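As structure tokens, the structure follows; a few thoughts come after it.
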Amino acid sequence: MRPLRSVHFGKRFSKPGTAPGTLTAPSERRVESVSITVMDFDAESLQERTVSTVDEAVAACRPSGVTWIDVVGLHDVDVVRQLGEHFRLHPLALEDVLSVGQRPKADEYENHYFIVMRLFHVVADGLESEQLSLFLGDNYVITFQELPEDVFDGVRDRLRHARGRIRSMGADYLAYALIDSQVDHFFPVIEKLGERIEDLEDEVMTDPQRDTVEQIHAIRKDLLMLRRAAWPQREVLAAMERFESARIGKETRVFLRDAYDHAVQIMDMVETYRDLASGLLEIYLSSVSNRMNEVMKVLTVMATIFIPITFLAGVYGMNFKHMPELAWPWAYPAFWGVSVLTTLGLLWYFKRKDWL
Amino acid sequence: MRPLRSVHFGKRFSKPGTAPGTLTAPSERRVESVSITVMDFDAESLQERTVSTVDEAVAACRPSGVTWIDVVGLHDVDVVRQLGEHFRLHPLALEDVLSVGQRPKADEYENHYFIVMRLFHVVADGLESEQLSLFLGDNYVITFQELPEDVFDGVRDRLRHARGRIRSMGADYLAYALIDSQVDHFFPVIEKLGERIEDLEDEVMTDPQRDTVEQIHAIRKDLLMLRRAAWPQREVLAAMERFESARIGKETRVFLRDAYDHAVQIMDMVETYRDLASGLLEIYLSSVSNRMNEVMKVLTVMATIFIPITFLAGVYGMNFKHMPELAWPWAYPAFWGVSVLTTLGLLWYFKRKDWL
Amino acid sequence: MRPLRSVHFGKRFSKPGTAPGTLTAPSERRVESVSITVMDFDAESLQERTVSTVDEAVAACRPSGVTWIDVVGLHDVDVVRQLGEHFRLHPLALEDVLSVGQRPKADEYENHYFIVMRLFHVVADGLESEQLSLFLGDNYVITFQELPEDVFDGVRDRLRHARGRIRSMGADYLAYALIDSQVDHFFPVIEKLGERIEDLEDEVMTDPQRDTVEQIHAIRKDLLMLRRAAWPQREVLAAMERFESARIGKETRVFLRDAYDHAVQIMDMVETYRDLASGLLEIYLSSVSNRMNEVMKVLTVMATIFIPITFLAGVYGMNFKHMPELAWPWAYPAFWGVSVLTTLGLLWYFKRKDWL
Amino acid sequence: MRPLRSVHFGKRFSKPGTAPGTLTAPSERRVESVSITVMDFDAESLQERTVSTVDEAVAACRPSGVTWIDVVGLHDVDVVRQLGEHFRLHPLALEDVLSVGQRPKADEYENHYFIVMRLFHVVADGLESEQLSLFLGDNYVITFQELPEDVFDGVRDRLRHARGRIRSMGADYLAYALIDSQVDHFFPVIEKLGERIEDLEDEVMTDPQRDTVEQIHAIRKDLLMLRRAAWPQREVLAAMERFESARIGKETRVFLRDAYDHAVQIMDMVETYRDLASGLLEIYLSSVSNRMNEVMKVLTVMATIFIPITFLAGVYGMNFKHMPELAWPWAYPAFWGVSVLTTLGLLWYFKRKDWL
Amino acid sequence: MRPLRSVHFGKRFSKPGTAPGTLTAPSERRVESVSITVMDFDAESLQERTVSTVDEAVAACRPSGVTWIDVVGLHDVDVVRQLGEHFRLHPLALEDVLSVGQRPKADEYENHYFIVMRLFHVVADGLESEQLSLFLGDNYVITFQELPEDVFDGVRDRLRHARGRIRSMGADYLAYALIDSQVDHFFPVIEKLGERIEDLEDEVMTDPQRDTVEQIHAIRKDLLMLRRAAWPQREVLAAMERFESARIGKETRVFLRDAYDHAVQIMDMVETYRDLASGLLEIYLSSVSNRMNEVMKVLTVMATIFIPITFLAGVYGMNFKHMPELAWPWAYPAFWGVSVLTTLGLLWYFKRKDWL
């Protein structure tokens with residue numbers, strides 16, 4: 001059994017009573033070293049650099065254009081703090097970046113928006129979950145990821161090759177593009193779960209195993225986890241669409257609505273799979289009952305046929321002096337006759353009862 | 001088992017990170033060739049043409065009157081793109097036309113409304129689902145279907161023979177008429193499911209089979225799929241009734257409310273059938289238990305009657321030297337007497353317990 | 001099993017694609033001939049006539065005062081059409097009068113309100129459902145019923161004998177009075193179901209039968225049907241109370257609130273009975289399990305007692321040459337002693353285990 | 001089984017079609033004779049009288065100060081009618097006083113508020129329910145109870161001894177005080193149910209009886225009944241707090257909010273107990289399954305041990321001429337050896353399987 | 001079984017009919033003696049004193065700065081009453097301080113806010129619950145706790161060492177800090193429950209015990225209790241954020257939103273665990289069924305193999321005079337041959353049926 005950790009997104013709390021805004025590294029270190037990628041672009045040009053300190057990153061930002069700073073790895077509290085200081089990010093938001101068990105949410109601060117989303121990866125024994133934090137300021141986007149497996153490659157590509165409108169639009173559109181690719185990343189994950197459910201459906205109906213119920217439970221836990229991310233994610237996108245400030249342009253809002261539609265679709269699929277997975281358990285139970293029924297029938301048929309004729313054999317094995325039948329010449333064949341007839345009669349009875 | 005595909009309306013996602021508005025053909029090609037039908041009408045005249053290229057279709061549109069372009073088959077991305085360019089349809093909407101796993105929705109764009117609905121066809125092993133996209137512009141309606149089985153024949157007929165008010169009203173009424181016939185198409189589908197549920201009810205109560213539970217599961221999946229289309233469909237109609245622009249006339253809104261009532265009715269029927277289908281599984285389980293009970297009773301009655309008298313026969317089959325009974329002349333008939341009495345006593349006991 | 005029809009109120013749909021407002025007679029003819037009753041009254045006088053054509057009915061209406069036209073039987077489309085034309089009733093509303101599978105609803109048209117309600121009658125094998133349509137105009141009320149069993153007798157009586165305020169008030173109060181008696185008609189129906197549930201409760205606890213589960217299922221279907229009528233009925237009354245026009249007077253609204261309270265009460269009782277009926281199935285299942293337990297215990301007790309002593313008898317039935325016990329004079333009584341002691345020991349063990 | 005009556009608060013309906021406002025005595029007479037208590041007070045003085053006619057009661061009212069008329073027993077329709085006429089109470093409200101199956105509700109009429117609440121008493125076989133109606137006018141409160149067991153004693157005491165602020169405040173505070181003591185009366189009732197649930201929890205886990213499931217069902221019915229009163233009761237208090245007229249003073253509203261908090265607490269406890277009671281049934285079922293398992297194990301162990309050795313004994317009871325073993329001198333001890341070894345082997349096997 | 005008390009937070013009610021605002025000590029005395037700690041601070045200085053009477057506490061308050069009075073132990077009604085009189089706290093609020101079974105709530109009074117929260121401690125046999133009441137006035141905070149185990153140590157520490165912004169902000173921030181540390185105290189408690197659920201998951205799948213179901217029930221009760229505190233707690237924080245008065249500063253509201261996020265997270269985790277715990281029971285039941293199946297299979301295999309060959313042995317143990325087989329020389333070996341073949345045949349059959 002995989003640890004339950006996956007269900008509640010991991011241990012998120014610091015010691016109760018700690019001052020709010022205190023930055024503490026997550027308990028688990030998931031990458032070797034922190035890597036920072038800075039992309040700085042406008043419609044004409046693009047500059048991309050991978051650095052390892054915040055100072056280098058900040059130096060790489062040009063005053064005009066849009067800047068995207070992508071930080072992979074959260075174990076170095078200083079990186080987070082320095083970025084926070086330079087861009088005047090709110091301490092409560094920074095604390096949330098490091099508490100990696102957050103639910104998706106969208107908070108509005110004075111200088112910036114702060115978005116938390118979750119990303120899922122299919123691994124050998126189920127799903128792995130990762131927190132993705134995004135700051136959207138006036139002309140910058142800062143993202144924090146726990147793992148290097150990059151869901152943002154598609155966006156990076158579009159930036160590099162100036163595909164679509166992404167280079168000619170502002171930081172809001174960049175933020176949308178990043179969130180959209182995170183949202184769309186749910187689809188292959190859900191598709192995978194769907195395949196596992198389909199396999200279980202076959203298994204449960206044709207050949208239920210002892211561990212089938214454990215697998216159903218495991219898949220329900222995965223769906224529970226997805227659901228806990230999918231519902232608030234939808235709210236996040238609805239909130240972003242409604243944000244009143246001019247920081248999010250009218251054109252971008254149309255795209256956010258599209259991402260919102262995807263989030264609803266995801267939620268809908270997760271709920272559907274949950275319904276199906278619950279149905280599986282019911283089928284499993286009825287299938288177990290059916291098999292027990294079959295076992296009982298075999299026992300009953302066997303026992304019921306042999307019990308009376310065994311009694312008869314016992315009768316003629318008795319040693320009473322005065323048992324006239326024993327001497328009759330056709331007694332033995334008659335015994336066989338009665339036995340066969342009894343058996344045929346019972347077989348006919350069971351046939352009629354549909355037990356055979 | 002039919003593939004799960006039907007439940008989530010099919011694989012809808014393109015690679016996460018793809019630029020929004022990118023047009024990709026659906027993975028499955030469901031018709032041989034794309035066919036485009038153009039109907040152009042006003043109160044006085046009607047012109048109908050079936051063409052195969054967008055250029056021909058566009059050429060067939062007259063500037064005045066209402067134009068309805070109906071496209072069957074989605075595998076040719078160019079058709080969609082060219083139509084989009086000519087009528088200035090929004091790229092996100094065009095992308096959704098091709099992502100055939102959409103939930104029903106109604107989006108408002110600057111130049112047009114974009115409506116997605118779902119259509120279901122009863123096929124041999126359950127339901128088949130199809131996406132229906134509709135653009136409503138100022139004086140045109142464009143529809144996209146995946147399959148040629150035509151739910152729009154009734155509307156086409158009314159147009160051709162100028163039945164009802166359809167020829168004398170605008171594009172909004174045409175859109176309503178199309179959507180209404182799509183909505184009403186749910187009723188025969190649900191009726192069909194209702195008949196299957198009725199059959200299963202009979203089966204489950206009189207003669208439950210091993211595959212009964214699979215059939216119940218299959219019907220629940222069909223209902224799940226219908227439900228996923230029926231709920232948002234209701235919202236779509238509510239949204240259309242509320243659209244603020246003058247593109248939808250006051251008179252048409254009254255009709256939309258009527259279609260909304262039908263959508264509510266559909267939802268209501270789907271939920272009712274879901275309730276009934278859940279009840280079926282409970283009845284199935286109790287029926288399996290009952291049959292097991294019956295099997296156990298037969299075994300118990302048989303075993304309990306013969307066990308004591310078989311013991312008795314065993315006793316008098318013993319070879320002890322000193323067993324006075326063996327020599328008694330009436331011992332053998334007495335044995336039979338005891339056996340018969342024991343049997344009758346037990347039968348009476350079981351009768352009283354209502355096991356026979 | 002009664003047909004499922006009762007659950008979804010009957011086949012309601014016309015061919016998809018039919019023009020809205022097309023009038024088609026319901027598939028089932030439930031009365032011999034259409035009968036039309038016209039009551040025409042003001043505070044001073046009342047005139048009552050039963051006619052068979054719309055022309056006669058219209059002729060019977062006086063210009064002043066309130067007119068109530070009650071039509072029983074829906075198979076004659078012409079009656080509905082002519083009435084619609086004379087009173088300028090909306091075609092969509094007329095279509096709904098004839099589609100007898102409607103959910104309760106209240107629609108506001110320009111000239112009149114249109115209310116659909118449902119009526120239930122207890123028949124031999126469950127419930128029968130009927131649609132009741134009501135048009136409320138400025139000084140007339142038109143009602144359509146499917147069956148002649150008259151729920152309106154009480155109102156008619158009050159009109160004839162000028163009991164209460166009904167003669168001195170307008171068409172709105174008449175409409176209220178009619179709807180109120182329809183709503184109150186639910187109470188005896190629900191009471192009847194309550195009695196059936198009580199009987200089933202007794203049966204399931206003291207003497208569950210094979211068909212008990214079918215009866216529970218049947219009652220749940222009846223409750224499902226009532227529920228589908230009771231929920232929207234509440235909304236209808238809430239909507240009527242909120243209708244903005246002056247067509248419904250302030251005084252009548254107080255009475256509508258009272259009817260609304262009754263509708264809530266009905267809904268509440270239906271939900272309560274649904275809860276109870278679900279509980280019944282759980283009790284049934286646990287009772288089946290209990291009885292199986294009992295059967296198993298009888299088998300186990302019998303088998304367990306006789307199995308060891310039958311073995312012993314078998315041992316001394318063996319034909320080995322060298323079995324010293326066979327020759328011992330007290331061997332046979334000793335055998336019986338051992339058998340009785342074993343039996344008593346096992347009985348004591350089962351007693352202690354509470355199996356006897 | 002107690003009658004179901006308790007669940008739907010009793011038969012409430014009069015004949016459908018009866019004119020609204022018709023007063024009919026409840027079908028059940030629950031006290032011998034109607035008793036009317038009049039309390040008339042201001043901050044300085046208090047006058048208390050128990051009378052038996054409405055005329056006497058009205059005579060006892062002083063024009064200034066606050067008057068509280070408490071009527072116990074509803075079978076005398078005249079009392080209700082005369083009070084209604086004197087205080088100009090609305091006929092619909094009076095009808096509801098006598099229809100004793102009402103849900104809690106708060107209605108606003110021109111001259112007065114009308115509040116219906118429910119009171120529960122623990123009796124031998126569960127709960128008994130009573131309707132409590134309260135009219136709050138400008139300077140009077142009129143209450144109607146079905147049973148003399150007096151929940152208002154505490155308030156009467158505070159009035160008599162001028163404890164707290166009750167004497168110095170208006171009719172609104174008196175109404176609050178009465179409703180508050182009714183609401184608080186739920187707590188001991190729920191506490192009692194809680195104790196019954198605790199007892200059942202013990203019983204179901206240590207020693208489930210055949211009637212345990214009936215007791216669980218009975219308690220669920222009691223909770224269902226409480227719930228049906230608790231939910232609308234909360235709404236009543238919320239509605240009273242929101243009543244716009246000056247008839248309810250600002251200070252009293254603070255107290256109403258407190259009563260509202262209690263009502264929420266009650267609802268919360270009822271829901272919690274419902275959750276627990278549902279859990280009980282699940283435990284019961286799993287406990288029944290466990291016991292059946294145990295029975296099966298005993299049977300299986302016994303049968304499995306003796307079946308092979310009984311066969312062996314049968315073999316050497318055969319009468320074949322040529323059975324060399326029969327003559328071997330150590331054959332009989334060898335038989336016993338094999339039997340004991342087989343038994344030990346099987347016992348070891350069952351031990352390992354954890355069946356012993 | 002722990003008493004149910006924990007589920008409904010203890011007996012909260014005073015005698016129905018008692019005057020509102022009457023102060024009664026809780027029925028259970030949970031600490032030896034009441035202790036009062038007064039902290040008085042502004043940005044520059046801090047003064048901390050532990051006293052035992054209210055007079056000393058009041059004497060310790062300075063007119064300027066923020067005062068925090070923390071009372072541990074509620075059995076001394078006088079302490080509560082005197083504090084209430086000095087700070088003019090509302091009597092209804094004071095009554096709630098002493099009724100220790102309150103749900104979390106936030107009430108707005110004229111002079112102060114009144115917040116009730118709940119605190120949980122993990123003890124040997126589950127959870128222990130404690131009520132925490134907080135008054136927030138213009139420049140003071142008064143807290144009441146039932147138990148000395150101090151959840152406020154972290155805040156006290158930050159005050160003493162002037163860590164973070166706490167010393168430089170007002171009473172509103174102090175109240176936030178206290179509530180925040182109470183809210184965060186849920187996390188370790190939930191984490192603990194999560195570990196217990198994980199253990200039960202293992203147990204239920206690998207080695208279900210008879211008391212497993214009791215443990216699942218116990219954990220569900222704990223979760224029920226947490227849930228009853230977590231839901232209203234979220235509402236409390238939402239209400240505080242919305243409080244309109246200037247008593248809560250704009251800056252503090254940002255922090256309250258953060259605490260609100262934590263409360264939502266808690267609720268979410270509790271619901272997730274409830275889902276998991278329900279799943280456990282289903283797995284348990286299916287595991288019990290599986291084991292019964294296995295028992296039945298062993299019995300059936302054993303019985304079915306030996307039943308026919310025991311019959312055969314019985315046949316040749318009969319004493320008929322004319323049984324030719326008895327004399328055949330190879331009859332005995334043939335008997336063994338038939339027995340072995342029958343056995344092998346049945347074993348092959350069971351193997352194919354997957355019962356071995």
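Just so it is clear, the structure is predicted and the values come from calculations on it, not from any experiment. In the text below, chain A, chain B and the rest are named by the order of the sequence lines, each starting its count at 1.
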_Could you tell me if the side chain of D/T24 sits less than 4.5 Å from the side chain of D/L98, heavy atoms only?_
no

*Proximal component of D/M323, with respect to chain C [non-hydrogen, under 4.5 Å]*: neither

*asked:* Under 4.5 Å from any heavy atom of chain C, what part of D/S339 do you find: side chain, backbone, both or neither?
replied: side chain

*Proximal component of C/Y176, with respect to chain D [non-hydrogen, under 4.5 Å]*: side chain

_Using heavy-atom distances under 4.5 Å, tell me whether D/Y284 contacts chain C through its side chain, its backbone, both, or neither._
side chain

*Can you list the residues that meet the side chain to side chain contact (heavy atoms under 4.5 Å, CB included) rule with D/Q215, with sequence neighbours excluded?*
D/L200, D/E203, D/D211

_Does D/D207 form a side chain to side chain donor-acceptor pair (under 3.5 Å) with D/Q209? I'd like the steps, not just the answer._
CA-CA 6 Å; D/D207 178 31; D/Q209 303 295 320; 2.8 Å; yes

*For the pair C/R253 (side chain) and C/E241 (backbone), establish whether a donor and an acceptor sit closer than 3.5 Å, ignoring hydrogens and angles.*
yes

*Side chain, backbone, both or neither of C/D157 within contact of chain D (heavy atoms, under 4.5 Å)*: neither

*Please answer whether the main-chain N or O of C/E130 pairs with a side-chain N or O of C/Q145 as donor and acceptor at a distance below 3.5 Å.*
no

*asked:* Under 4.5 Å from any heavy atom of chain D, what part of C/F152 do you find: side chain, backbone, both or neither?
replied: neither

_C/R257 NZ/CZ over D/Y109 ring centroid, <6.0 Å and within 45° of normal_ = yes

_Neighbour count >12 (heavy atoms, 6.0 Å) for atom CZ, C/R160_ = yes

_Counting heavy-atom pairs under 4.5 Å with chain D, which one of C/G279, C/G154, C/G164, C/S286 comes out on top?_
C/S286

*Does any heavy atom of chain C fall under 4.5 Å from the side chain of D/R220, the backbone, both, or neither of them?*
side chain

*Report the option among D/W328, D/W336, D/F306 that has the most heavy-atom pairs separated by less than 4.5 Å from atoms of chain C.*
D/F306

*Most heavy-atom pairs under 4.5 angstrom with chain D, which of C/I166, C/T310, C/D275, C/L299?*
C/D275

*asked:* Less than 4.5 Å to any heavy atom of chain C: does that hold for the side chain of D/W330, its backbone, both, or neither?
replied: neither

_Using heavy-atom distances under 4.5 Å, tell me whether C/R156 contacts chain D through its side chain, its backbone, both, or neither._
neither

*Any pair with a residue in residues 292-308 of chain C that passes salt bridge (charged side-chain N to carboxylate O under 4.0 Å, His left out), sequence neighbours left out, goes on the list, sorted by first then second residue, please.*
B/K353-C/E294, C/E294-D/R210

_chain D contacts, top residue of C/D354, C/L280, C/V315, C/V301 (heavy-atom pairs, under 4.5 Å)_ = C/V315

*Among C/V183, C/V264, C/L178, single out the residue with the greatest number of heavy-atom pairs under 4.5 Å to chain D.*
C/V264

